Every structure is written in structure tokens, then in C-alpha cells.
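Only a predicted model underlies this, so the values are computations on that prediction, with no experimental measurement involved. Numbering of residues begins at 1 and proceeds along the displayed sequence.
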Amino acid sequence: MSEHLEREYREREDRECEYRERRALIGRGAAVWTRTAGTGPQRVLPDGCTDLIWSEAGPDGELLVAGPDTRARLAPGPPGTRAVGLRFAPGQGPAVLGVPAHELRDQLVPLAALWPGAEVRRLAERIADVERIADVERTAEAERTAARQAARGRLLEDAALGRLRTAEPPDPVLAAVVAGVSRGTGVAGIAAAVGLGERQLHRRSLAAFGYGPKTLGRVLRLNRALDLARTGVPFAAVAATAGYADQAHLAREVRTLTGVPLGRLLQGSGG
């Protein structure tokens with residue numbers, strides 16, 4: 001996961017959206033986030049993760065799953081639309097969602113397409129109850145909204161924890177793959193370190209992350225670079241620290257993976 005998840009809490013408000021996140025109870029770098037759409041395009045950047053999402057779009061809200069993206073996408077919903085998500089760490093989502101990550105790559109699908117209908121209805125009903133409880137317990141609209149979003153996030157965590165209790169233990173190879181690509185180790189080196197052939201490593205990476213180790217490395221490197229750039233580090237230093245050949249290489253990768261130049265992305269046009 002990118003370095004911003006090492007902080008306990010992050011809040012960002014700009015002309016595009018209001019966004020907050022915190023560490024999730026399921027650990028391993030997962031996060032619970034809330035977002036209120038602004039007036040501009042809501043650009044969701046690739047991060048090597050899958051998300052379990054509740055969105056208030058539609059008359060009763062909807063439960064969705066966002067697969068690992070290979071390119072930035074625009075989040076649906078008009079200005080003011082609220083969403084809450086549980087973002088799984090790279091490789092963590094399949095144990096909860098029940099399908100290989102590559103089947104969800106670059107997709108946004110209803111949770112009901114993956115989980116039994118009864119299980120999805122129970123979760124939806126519990127989230128609907130949040131609306132009534134928050135209305136009774138708080139009077140100020142801002143307090144009600146914050147309470148609802150926090151409660152929805154906890155319900156998503158509870159649902160994931162319930163599934164993780166009965167899931168198979170995490171594949172020990174996954175942590176080594178993430179560490180290897182984060183260090184810039186080549187595929188052959190990672191495969192040798194974990195005792196797999198390169199084809200085996202690729203298949204296991206597809207199932208866990210949604211794409212092979214090379215693409216995972218590009219995505220995680222992008223997130224490291226953006227974390228640095230958001231703190232005001234000069235772009236040339238960002239490129240050197242994050243592992244790019246030079247600043248031009250950084251610029252090409254940012255445009256390829258996000259669809260916009262780095263400067264524009266940092267000005268708030270991206271998510």
C-alpha cells in the first residue's frame with residue numbers, strides 16, 4: 001500500500017471533493033474512506049487495491065465492488081453524492097470478495113454479483129438502519145451525516161471481518177511480491193526469492209492483485225511518487241526517490257496511469 005496509509009488519519013478538502021480515511025480494523029494496510037463528490041470530475045487513481053463500497057446513488061443506496069484499476073477512472077455520481085468504502089490492501093480483497101482479483105480488474109460491479117443475495121440484503125438492511133439511528137440520536141445535520149458515514153464504514157468492516165474468519169490464510173508469497181516490486185526488484189529476482197517460476201508468479205499475482213508483478217510495481221511506484229509530490233518535494237527529487245529513471249520518465253508514467261499531467265493532478269483535478 002502507498003505510504004499515506006502509514007498515517008493514522010488523512011483528511012483532504014478541495015474544490016473537487018471532501019475525502020477522509022482512517023486505518024481499517026482488518027489490518028495489513030487496509031483503510032476505511034468517506035467521500036462527498038464535489039463539482040468537478042472525481043478521478044480515482046490506480047492503487048493495486050479492491051474496494052467494498054456503499055454509495056448513496058439511487059433511491060436506497062447501493063453496495064458495489066471496485067476492482068483493481070490499471071488506469072484512472074472517474075467515479076460516478078452527481079455533486080454531493082456520498083460514498084463510504086473499505087479499501088483492501090493489495091492481495092487482501094479476494095479472500096473477502098470470493099473471486100480472483102483479475103476477474104474484477106477495471107470494473108465496478110454490484111456486490112450482489114459476488115455474494116449470496118441474502119448476505120447482501122442483510123448488510124444493506126443494517127446500513128439502512130444507520131439512517132434511522134443517526135436521525136434519532138443527533139439533531140445537527142452535519143453531526144447526523146458524520147455519524148452515518150462512520151457507522152456505515154464500521155458495518156463494511158464487520159462484513160469483511162466475518163468473511164476473513166472463515167477464509168484461507170493469506171498466501172505468504174504475496175507480501176514478498178509487494179515488498180519486491182516496491183524495492184524495484186525485477187520479476188526474475190522476485191520469482192527466485194519466493195521459489196516460483198516466473199509464469200507461476202504471474203498467475204498468482206493475477207489472482208491476488210488483478211495484474212502481474214510488473215504492473216503492480218508501476219502502480220505502487222506511482223502512489224509513492226504522488227505521496228512525495230503532495231508534500232512539496234520537487235519533481236526531479238520525486239523521480240529519483242520513487243525509482244524512476246528521470247523526471248521525464250515520471251511525467252510519462254503519471255500521464256499514462258492517471259490521464260493528466262502531474263502538476264494538474266496535484267492541483268486537485270485528480271482523486
At what distance, to the nearest 0.5 angstrom, does [atom1] of [X] lie from [atom2] of [Y]?
X      : Y      : atom1 : atom2 : value
Ser205 : Lys214 : OG    : NZ    : 12.5 Å
Asp106 : Leu104 : CG    : CG    : 10.5 Å
Leu97  : Leu114 : CG    : CG    : 6.0 Å
Glu157 : Leu25  : CD    : CG    : 4.0 Å
Thr215 : Leu220 : OG1   : CG    : 10.5 Å
Trp115 : Arg121 : CH2   : CZ    : 14.0 Å

Quick check: does any side chain N or O of [X] sit under 3.5 Å from a backbone N or O of [Y], one acting as donor and the other as acceptor?
X      : Y      : value
Thr166 : Arg163 : yes
Thr231 : Leu228 : yes
Glu21  : Ala31  : no
Arg82  : Glu56  : no
Arg230 : Leu266 : no
Arg43  : Thr258 : yes

For the residue pair His249 and Tyr244, categorise the inter-ring angle as parallel (less than 30°), tilted (30 to 60°) or perpendicular (more than 60°).
-> perpendicular

Minimum heavy-atom separation for [X] to [Y], with atom names?
X      : Y      : answer
Val254 : Val260 : CG1-O, 3.6 Å
Leu216 : Gly48  : CD1-CA, 4.4 Å
Ala208 : Leu174 : CB-CD2, 3.4 Å
Gly210 : Ala101 : N-CB, 3.3 Å
Pro90  : Asp47  : CG-O, 4.3 Å
Val32  : Gly153 : CG1-CA, 3.9 Å

Verdict with supporting geometry, Val99 and Val65, side-chain contact (heavy atoms from CB on, under 4.5 Å) | CA-CA 11 Å; Val99 295; Val65 171; over 6 Å; no

Can you check whether [X] reaches [Y] side chain to side chain, under 4.5 Å on heavy atoms?
X      : Y      : answer
Val233 : Thr241 : no
Leu226 : Leu262 : yes
Leu206 : Arg105 : yes
Pro213 : His202 : yes
Arg35  : Val44  : yes
Asp158 : Arg126 : yes
Leu45  : Leu265 : yes
Glu253 : Arg221 : yes

Apply side-chain contact (heavy atoms from CB on, under 4.5 Å) to Trp54 and Leu123, showing your working.
-> CA-CA 10 Å; Trp54 178 87; Leu123 178 57; over 6 Å; no

Report the C-alpha distance between Leu86 and Ile26 in whole Å, list the side-chain angles of each, state the deciding distance to 0.1 Å, and finish with yes or no for side-chain contact (heavy atoms from CB on, under 4.5 Å).
-> CA-CA 10 Å; Leu86 172 58; Ile26 61 175; 4.1 Å; yes

Start with the C-alpha distance between Val219 and Phe209, add both sets of side-chain angles, then the distance that settles side-chain contact (heavy atoms from CB on, under 4.5 Å), and finish with yes or no.
-> CA-CA 11 Å; Val219 167; Phe209 309 117; over 6 Å; no

Residue that, paired with Leu111, satisfies side-chain contact (heavy atoms from CB on, under 4.5 Å) out of Leu63, Leu64, Ile53 | Leu63

So, Arg264 versus Gln267: side-chain donor-acceptor pair below 3.5 Å or not?
-> no

Would you please test Arg203 and Gln200 for side-chain hydrogen bond (donor to acceptor under 3.5 Å, both in side chains) and show each step?
-> CA-CA 5 Å; Arg203 286 195 297 270; Gln200 287 177 301; 5.7 Å; no

